[in-house]
Amino acid sequence: MAFSFSPTPLQQRRLAEARRVARKWVAPRAAEIDERNEVPRDLLRRLHGPPYRYAGVYVPPKYGGQGFDWVSLYLVTEEFARWSATVATLLEVPGLVSTLIQVAGSEEQKQRFLPSIALGKRFPCFALTERQAGTDAAAIATRAEKKGDGWVLQGAKYLVSFGDFAGDYAIFARTGPRSAGVKAISLFLVPREAPGVVLGREDLNLGMHGHRTWRLGLRGVEVEAGRLLGEPGMGFVYAMRTLDRTRATLAAILLGVARALLETGTDYARKRKTFGQPLLEHEAVGFPLAESWARYEACRLLGLRSCWLTDQGETRGEVTSMAKALAAEVALQAGDAAMRAMGAAGTTREYPLERYLRDARTFVLAQGSPEAQKLVLTKWMLKGG
Amino acid sequence: MDLSLPPHVAELREKVQRFAEEWMRAEGPGAEEREEYPQEFAREALRFARGLGILDLRRMIPMPGAKVAWAEDKHLATVLVVEELARGDAGLTMNLPGPQLGGSALMVVGTEEQKARWLKPFTGPEPVWGAMAMTEPGAGSDTASIRATAHRDGGEWILNGEKVFCTSGGLGLEKSRGWVVVWAKVVQKGASGDAVKHAAMRPFLVPAGTPGLRVTKHEKKMGIRASDTVAFVLDDARIPRDHLLGSEGDEAGFKGAMNTFNVGRLNVAAIGLGIARAALDLLRELLGPVPLGGPLTAAQRDSLQMEAELQAARLLTLRAAWMADRGLPMAAEASMAKVLAGAAAASIPQRCAALAGPFGVSRKRRFERLVRDAKIVDIFEGTGQVNTLIVARRVLGYSREQLK
């Protein structure tokens, strides 16, 4: 294929369908999701189940999924995020865990666990963070001790997205001494039904309503050997390999919100007249929007490029980190420009602007603050890039 | 979507990168100190370009009749080449021998006969320069309000007016037997005021040695000091009738100029990218080994933010170039690229210099020169503000035709 910035016809079709589905089924309910802090189950079923099966887009066909390439995943994610960042995470969270299983799991484990995820039958959640362990993953305290052939898990996880929709939890637990640091962390896939799994509510966040995060208690939870994914002690490596790829879709969500902010602000500024001309023509208003549009376009290309690299088999963690870190800035600046353009109107709930702003501010911290992204980048730069 | 560079483009870029590293890094500082474009380097650059079948390395004009492998990816190749040249040295990049922006105007507007005739001087063994003169003391961003005039007198055109900030004008008019493409308004003899204001503007090819043309000033600049930038006056300057570029009835005029600027925007964006790249590379060398683990320092955070901004601006520029190569309208995209690349050029070298502490202000290092060189990127061939205005209008819904 020749050098080109155009999506392939297949990618175009996937984008067009996502656009249609998002406009038709998501857009009309975004406000309601925000007001009620709840994703309606019928919407979840419609997106995850037949015919769209967005639960399986990260899973190869041989395990029952749709096997989208990463450029398609970027494009589709951004389309959903344009209308609701929360709904976009309904694709992204299963995507994260199904990618993790593909990275970590044995062939047998992939065959066992992926199909029910891909078909939307079991929702997978991700549980790494703890109260005292965020960016510093080595500080996790949840532990797993051998019992016969299986394991017993004890501990507490924090900020587990969509915890009440599970399915299964991908849980990172310590299987070795503290002194071994990240090399003693292993990955388990724990079913919700297992005795000792306890879910507790979190506080309401500023934004990303409906994307509810939960506390997960593990009180002597017993799991069989087959639920240790891959090799013991490799949990952190699996996580990093996975996040190096999936981070690009976080950028897509942030840029989808950026686009929502810009379209809303620009639309308003185009229609509203002051001093005899459209608001947008006043440079102090128009310029920040125009600059934000340029930055959105540029960062979008960075996100797409990072996905293209993964599709070529050359995932570069520093590129996805750059894309995510920059996307965060782009979204916040876009929010600022749009808010300035809309004035007081931007603060009322008559317009979706304030929701997009809250979502942007909240989601910027997902899966690692921008500062953490830059830690990944530093290491890359120091190695000589 | 496929972001692997076409092999002939990648190859070309590598060669230019080597040339820039070997020659331009070495020659740059001295030329800047003397505020003069080095003739010996110009000869070396000419030899290098000829070896690639190229007449003008900056504007990527092939030698007449030469077949170049990258012809179909010309704009992409140009962006990548110019980025490497600027990374080597921005000042020396400005006046690489060749017809320059005047050549771009000639290629867009001129007849085949004119192209052949006026490119010929550049095919000889000695460096020759061309230039373009649009800006006047009273007309910068507002190109439509230039006041230079051209009126017919028998078989000649008589030109009057004053042009400023003409890149390579001195090299083209004084230091070699080159020429300048002068944009002037076609009027009746003695016309003034409104008659001039509303007249159509056309491009005129004015060779070195034209009677009535006088270089009046060599600009002393903050940055790109090795680069030649002049002001000149036209005082009843006489040129033959066939020096009007394009066929006589042709209304190329303003649109022709603007088309030149559209693609020129990418060229300038590439310069910005190259300067910013050089600054970040220098900073990375300086940062050196740092103890890993733990929270980021402010310096680390800033340097990574800059890297992301630069890479994003670069992709935007490459995409605009790709669109130009595919014949897609790209005025808004070119403007976006120039806005961001200009912003990157303006701010990244400065932030790198700041992080470099005392090294950032030392004349012995390149940081402070990169800061000074970078300023112009956001200004010439269309300011950042004008380009932002274009983007704003596109967003407002003006058609591509309405966009200037």
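The structure displayed is predicted, hence computed values, not measured ones. Convention: sequence-line order gives letters A, B, ...; per-chain numbering from 1.
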For [X] and [Y], which heavy atoms make the closest approach, and how far apart are they?
X        : Y        : value
A:Thr8   : B:Met1   : CG2-N, 3.7 Å
A:Phe3   : B:Trp322 : O-NE1, 3.3 Å
B:Ala313 : A:Ala298 : N-CB, 4.3 Å
B:Ala308 : A:Leu302 : O-CD2, 3.8 Å
B:Asp2   : A:Trp308 : OD1-CZ2, 3.2 Å

*To the nearest 0.5 Å, how far apart are CG in B:Leu315 and CZ in A:Arg300?*
12.5 Å

Should we say atom [atom1] of [X] is surrounded by more than 12 heavy atoms from elsewhere, each under 6.0 Å from it?
X        : atom1 : value
A:Arg361 : CZ    : no
B:Lys74  : NZ    : yes
A:Gln66  : CD    : yes

[X] versus chain B, heavy atoms under 4.5 Å apart: side chain, backbone, both or neither?
X        : result
A:Leu304 : both
A:Arg295 : both
A:Gln11  : side chain

*Side-chain touch A:Arg305/B:Gln311, heavy atoms, less than 4.5 angstrom*: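 With C-beta onward as the side chain, the pair touches.
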
_Test item: A:Glu297 and B:Arg319 side chains (from C-beta on) under 4.5 Å apart, heavy atoms_ = yes

*Relative to chain A, which segment of B:Leu76 carries a heavy atom at a distance below 4.5 Å: side chain, backbone, both, or neither?*
side chain

*Looking only at heavy atoms, which of residues 3-11 of chain B get nearer than 4.5 Å to chain A?*
B:Leu3, B:Ser4, B:Leu5, B:Pro6

